[in-house]
Amino acid sequence: YRFSDIAIVLEDGKSNIAPGESVRALAITDPEDMDIEWSLEAKDDGVEATIHAETGVIAVAEQSKKGHIQITGSRKQCQV
């Protein structure tokens with residue numbers, strides 16, 4: 001496969017996640033239906049958030065401060 005493009009959106013058209021909430025990141029890929037591995041690359045001070053590497057579910061802790069996170073969706077490498 002040639003991996004040429006990926007767009008990341010949040011499930012249900014969300015644009016933010018409140019403390020105590022979770023939402024799934026979705027990858028729109030070309031070609032379609034690629035396996036994606038998720039990672040949290042950066043977050044603002046006081047932001048307490050995680051992302052599940054397999055599912056893309058982002059969880060924000062109740063005590064988290066407001067701020068921004070940066071996530072990455074990468075093509076999952078095949079194990080042979």
Side-chain angles (χ1 to χ4, degrees):
Y1 287 111
R2 179 177 172 267
F3 186 66
S4 61
D5 200 14
I6 183 172
I8 299 173
V9 297
L10 297 180
E11 196 169 46
D12 298 329
K14 288 188 159 224
S15 59
N16 58 49
I17 310 166
E21 290 187 344
S22 61
V23 69
R24 190 164 68 120
L26 304 172
I28 302 167
T29 60
D30 181 21
E32 293 181 8
D33 299 325
M34 297 188 81
D35 286 332
I36 300 296
E37 184 168 11
W38 299 97
S39 60
L40 180 64
E41 299 297 322
K43 57 186 174 182
D44 289 348
D45 288 341
V47 173
E48 295 184 38
T50 59
I51 188 165
H52 189 278
E54 297 288 321
T55 65
V57 173
I58 302 165
V60 180
E62 284 280 346
Q63 65 275 16
S64 180
K65 294 187 178 181
K66 291 184 179 181
H68 296 92
I69 63 170
Q70 178 183 343
I71 62 172
T72 300
S74 303
R75 179 178 171 196
K76 189 181 279 186
Q77 298 298 315
C78 296
Q79 297 287 330
V80 181

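In what follows, every heavy atom counts, from backbone to side chain, and hydrogens, waters and symmetry copies are set aside.
- Hydrophobic cluster membership differs between V57 and V47, with clusters built from Ile, Leu, Val, Met, Phe, Trp and Tyr side chains linked at under 4.5 angstrom.
- You'll find the side chain of I28 reaches within 4.5 Å of the side chain of V9, heavy atoms only.
- The neighbour count for E32 CD, taken as heavy atoms of other residues, nucleotides or ligands under 6.0 Å away, does not exceed 12.
- Proximity of a side-chain donor or acceptor of S64 to a complementary backbone N or O of E48 within less than 3.5 Å is detected.
- Contact detail for S22 and A59: the closest heavy-atom pair is CB-CA, 3.9 Å.
- Note that CD of E21 and CD1 of I58 are 11.5 Å apart. Values are rounded to the nearest 0.5 Å.
- T29 pairs in a side chain to side chain contact (heavy atoms under 4.5 Å, CB included) with only one of the listed residues (D35, I8, I36), which is I36.
- Side chains of S39 and E41: a donor on one and an acceptor on the other come within 3.5 Å.
- A distance of 13.0 Å separates CG in D44 from NZ in K66, rounded to the nearest 0.5 Å.
- Hydrophobic cluster membership differs between L26 and I17, with clusters built from Ile, Leu, Val, Met, Phe, Trp and Tyr side chains linked at under 4.5 angstrom.
- When each of T50, I69, V60 is tested with K43 by the rule side chain to side chain contact (heavy atoms under 4.5 Å, CB included), just one qualifies, namely I69.
- Minimum heavy-atom separation, A49 to L40: O-CD2, 3.2 Å.
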